[in-house]
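Numbering of ligands and ligand atoms starts at 1, following listing order. All values below come from the heavy atoms of this structure, side chains included, with hydrogens, waters and symmetry mates left out.
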Amino acid sequence: MLFFKGTPTKKEMKDTRRTVIAGNWKMNKTPSEAKALVAAIAEKAAGKDACDVVLCVPYVDIPAAVEAAKGTNVKIGAENVHFKESGAYTGEISAQMLVECGVSHVIVGHSERRQYFGETNETVNLRAKAGLAAGLKVIICVGEVLEERQSGITAEIVSMQTKLALAGIEDLSNVIIAYEPVWAIGTGLTATPEQADEVCGIIRGVVAGLYDEKTAEALTIQYGGSMNDKNAAELLAKVNVDGGLIGGASLKADAFGAIIDAAQ
Ligand code: 13P
């Protein structure tokens, strides 16, 4: 924190970066349902400009979601992106396709992709680079599984994932990192605010080492894993937690609206 005069206050530290409240809908909602839910969330988000609000939706929902988000302060993201520009990659979607559909953000390296679809640190890095090259803001997910936390190697795992995901990326201005402990995803087991703050701080330290203090202080680092309308305020109050990546609670306009409110 070299660029602050004296010891910075919590508010001063938080003011160096943008809070981002992002929903990850995963494999939920048809296009017509997406249209209605985006509209309902946009209503909740109106005038709440202390954070960015992003909804990452299934590919086929993107056109309906983009249309419903027009003229609102909700931005639409995708849940993954392939690293090649085009070619024989059945079932994959390129960054340029997303850009042309009006997408501004993309998630890469979600633990469900790593767990069920063979995503590796290397492909996460390639996907992140492809998204950035196309001008997208990229939300890179990292996080330990339960056995790793219980073995006391959370810091090592998350540091390694962060370093490998960022390899060869020079400019972090369009990068967001989401710390998502795998044991907290969809389980109702939220990390405590202290645990979330600690690991987000470790990630910030890794970034400071790879880049510099100023880059680390400017980086948005979200927490994800059973964040909801009840626990959001406490998590978001932590100095290293700059937003949330929210699964289940992003599928309900009231709950997601309350999380947006907690970020104001
Ligand atoms: P839940 O909020 O449902 O635990 O999901 C978190 C997540 O995986 C967001 O990417």
Using a distance-only test with no angle check, is there a side-chain donor-acceptor pair under 3.5 angstrom linking [X] and [Y]?
X	Y	value
Thr190	Asn231	yes
His110	Glu180	yes
Glu79	Trp25	no
Tyr179	Gln195	no

Ligand 1 contact on Ala249 by region, counting heavy-atom pairs under 4.0 Å: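 Neither; no heavy atom under 4.0 Å.
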Contact partition for Ile185 relative to ligand 1, non-hydrogen atoms under 4.0 Å: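 For Ile185, the contact with ligand 1 is made by both the backbone and the side chain.
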Is [X] salt-bridged to [Y], going by a charged N under 4.0 Å from an acidic O?
X	Y	answer
Arg113	Glu119	yes
Asp61	Lys29	no
Lys129	Glu170	no

So is there a nitrogen or oxygen of [X] less than 3.5 Å from a nitrogen or oxygen in ligand 1?
X	answer
Thr187	no
Gly248	yes
Leu245	no
Glu112	no

Number the atoms of ligand 1 from 1 as they appear, then name those within less than 4.0 Å of a heavy atom of [X], with their elements.
X	answer
His110	7 (C), 8 (O), 9 (C), 10 (O)
Gly225	4 (O), 6 (C)
Ser226	1 (P), 2 (O), 4 (O)
Ala184	4 (O)

Tell me the protein heavy atom at minimum distance from [atom], and give that distance in Å.
atom	result
atom 2 (O) of ligand 1	Gly247 N, 2.9 Å
atom 5 (O) of ligand 1	Lys26 NZ, 3.2 Å
atom 9 (C) of ligand 1	Glu180 OE2, 2.9 Å

Gly224 to ligand 1, any heavy atom closer than 4.0 Å: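 No, Gly224 has no heavy atom closer than 4.0 Å to ligand 1.
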contact_flag Cys56 ligand 1 heavy-atom lt 4.0 Å: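 So Cys56 does not count as touching ligand 1.
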Candidate list Ile177, Ile176, Asn24, Val54, test side-chain contact (heavy atoms from CB on, under 4.5 Å), partner Leu245, passing option: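 Exactly one candidate clears the test, Asn24.
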Ile221 reachable from Val207 in the ILVMFWY side-chain graph, under 4.5 Å edges: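 Looking at the clustering, Ile221 is in the same group as Val207.
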Glu122, CD atom: more than 12 neighbouring heavy atoms under 6.0 Å: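 Open: at most 12 neighbouring heavy atoms sit under 6.0 Å from CD of Glu122.
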